[in-house]
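Since we're looking at a predicted model, the values are computed, not measured. In each ligand, atom 1 is the first atom listed, and ligand 1 is the first ligand listed.
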Amino acid sequence: MLTHFIGGEPVAAGTAFPVHDPMTGAVIRQVGEADPEVVDRAVRAAREAARDWAALPVAERAGWLRRLAEGIEERFDDLVAAEIADTGKPLDQTRTLDIPRGIANFRAFAEIAAHRPDEAFHLSGVLSYTVRRPLGVVAVIVPWNLPFLLMTWKLAPALVAGNTVVVKPSEHTPGSAAVFAEICAAAGLPPGVVNIIYGHGSAGQLLVEHPWVDAVTFTGSTRTGSAIMKAVADRVKPVSFELGGKNAALVFEDCDLDRAVEGCVRSVFTNGGQVCLCTERLYVQRPIFEEFCTRLAARAQEVVPQPMISAEHREKVLSYYALARSEGAKVLAGGGTPSFGDKRDAGYFVDPTVVTGLSEWSRFNREEIFGPVCHVAHFDTESEAIDLANNSEYGLAAAIWTGGLDRAHRVAQRLEAGLVWVNTWYLRDLRTPFGGLRLSGIGREGGTQSLDFYSEPTTITIKMEQPDA
Ligand code: 6OD
């Protein structure tokens with residue numbers, strides 16, 4: 001049974017629950033569910049370690065981040081295997097995106113923190129400057145779609161800012177976190193600085209509500225984000241949330257069509273559409289609409305299906321395929337489930353799917369589906385395209401495909417989204433602010449924005465008396 005990692009030690013506790021291989025539905029491991037005692041033990045361990053960790057110079061904490069990055073490099077293949085076992089991700093993606101981003105996250109935040117200047121203000125004999133102190137114990141709640149990438153995206157800045165952490169991975173994807181626990185132990189990270197507990201949403205709730213948890217960072221569904229907010233409201237804990245999306249892509253007639261089609265194939269179908277940044281609404285300028293649809297539908301049929309994370313999520317995605325039909329959509333590709341003729345037929349697969357013909361106000365076009373599916377509609381003018389893209393309760397990401405430089409900037413600046421990509425998608429510079437508007441989240445992480453969230457400033461003001469002239 002997979003053990004929790006508390007105070008630097010493996011802790012076997014809690015009722016066992018199974019983790020399934022999404023490729024086949026088979027049970028691949030048993031994991032102990034964190035109960036109130038386990039959660040309390042993890043938070044206490046984090047709290048006990050907090051003072052000494054916070055007292056280390058930032059350069060030393062940055063050194064620890066670099067050592068953890070080296071540990072990830074050494075255990076690269078084990079991390080790849082664990083991530084694939086839990087998620088069914090393609091090997092190539094796991095080797096080039098998920099695990100390398102873990103290394104990059106630790107290295108980037110080591111550099112950003114080590115080189116960050118303090119702020120000082122001087123005005124008429126008054127000097128004010130700020131010192132930043134860590135929040136204390138941070139609860140890191142990690143989703144199942146990019147388990148290692150997102151765990152490390154939050155851990156690295158939280159640690160370098162001087163916090164200790166209790167991580168709860170998704171109940172579906174504990175494997176790479178368990179390898180990471182071994183990496184922390186092997187590196188000799190002081191006990192209690194990183195604690196990892198496993199369990200379902202109820203364990204997450206116990207964690208965020210614990211009185212000694214000082215802040216919560218979460219990436220996942222808007223519904224869970226809202227539940228966390230309610231759970232921590234009485235103690236007004238700081239939260240950083242990156243939540244759902246119903247992301248639009250705008251394809252203008254002046255685009256490079258080959259590049260736009262391939263870019264949209266990536267943005268719709270990567271990770272089985274299970275990335276909060278994936279495109280679910282595509283708007284294409286009328287003169288190229290028919291050709292674009294034909295080419296996108298043809299490419300969708302060539303995409304190798306990736307499993308949904310669970311039987312339940314597969315049912316959810318399939319319910320939207322049924323909804324599209326009942327709302328009157330025309331299905332251009334997919335719309336059902338693939339058949340392999342082997343044990344994958346018991347896995348959680350759905351067809352990569354493209355539909356058209358629905359109203360902007362259909363449920364299909366308004367609700368986040370989180371599967372390998374998009375709706376394609378046409379537009380005539382630039383301002384119509386912008387209005388269509390902005391017609392959403394979400395505001396996470398958008399993509400623009402155009403050959404026009406002026407248009408690219410003009411449209412990008414009017415899109416109501418935290419992230420806009422032009423002629424590309426999911427291209428990351430880890431120093432930039434990352435997050436969304438409205439139902440897509442609260443706050444920004446990335447670069448110094450992460451360090452700001454994981455610390456609090458104290459302003460110190462000194463008045464200098466002037467000697468009489
Ligand atoms: O790439 C990242 O840093 C990031 N936070 C990705 C989030 C993806 C959500 O599904």
Query raised in the report: Looking at atom 7 (C) of ligand 1, what's its closest protein heavy atom, distance included?
Result: Glu242 OE2, 3.1 Å

Query raised in the report: Considering only the protein, which heavy-atom contact is closest to atom 9 (C) of ligand 1, and what is its distance?
Result: Cys276 SG, 2.3 Å

Query raised in the report: Any idea how Trp53 and Trp64 line up, ring-wise: parallel (<30°), tilted (30 to 60°), or perpendicular (>60°)?
Result: tilted

Query raised in the report: Would you call the rings of Trp144 and Phe370 parallel, tilted or perpendicular, where under 30° means parallel and over 60° means perpendicular?
Result: perpendicular

Run the salt-bridge test on [X] and [Y] with the 4.0 Å N-O cut-off and return the result as yes or no.
{"X": "Arg132", "Y": "Asp452", "answer": "yes"}
{"X": "Glu83", "Y": "Arg95", "answer": "no"}
{"X": "Glu368", "Y": "Arg223", "answer": "no"}
{"X": "Glu280", "Y": "Lys246", "answer": "yes"}
{"X": "Arg299", "Y": "Glu302", "answer": "yes"}

Report task. Just let me know how Leu430 lines up against ligand 1, side chain, backbone, both or neither, with a heavy-atom cut-off below 4.0 Å. Result -> neither

Query - Which segment of Glu445 sits under 4.0 Å of ligand 1 when only heavy atoms are counted - result: neither

Could you list the atoms of ligand 1 found under 4.0 angstrom from a heavy atom of [X]?
{"X": "Asn145", "answer": "9 (C), 10 (O)"}
{"X": "Arg428", "answer": "1 (O), 2 (C), 3 (O)"}
{"X": "Leu150", "answer": "4 (C), 5 (N), 6 (C), 7 (C)"}
{"X": "Leu146", "answer": "8 (C)"}

Query raised in the report: Between the candidates Tyr426, Trp153, Phe370, which shows the shortest non-hydrogen contact distance to atom 1 (O) of ligand 1?
Result: Tyr426

Report task. May I ask you to check if ligand 1 and Arg101 share an N or O to N or O distance below 3.5 Å? Result -> yes

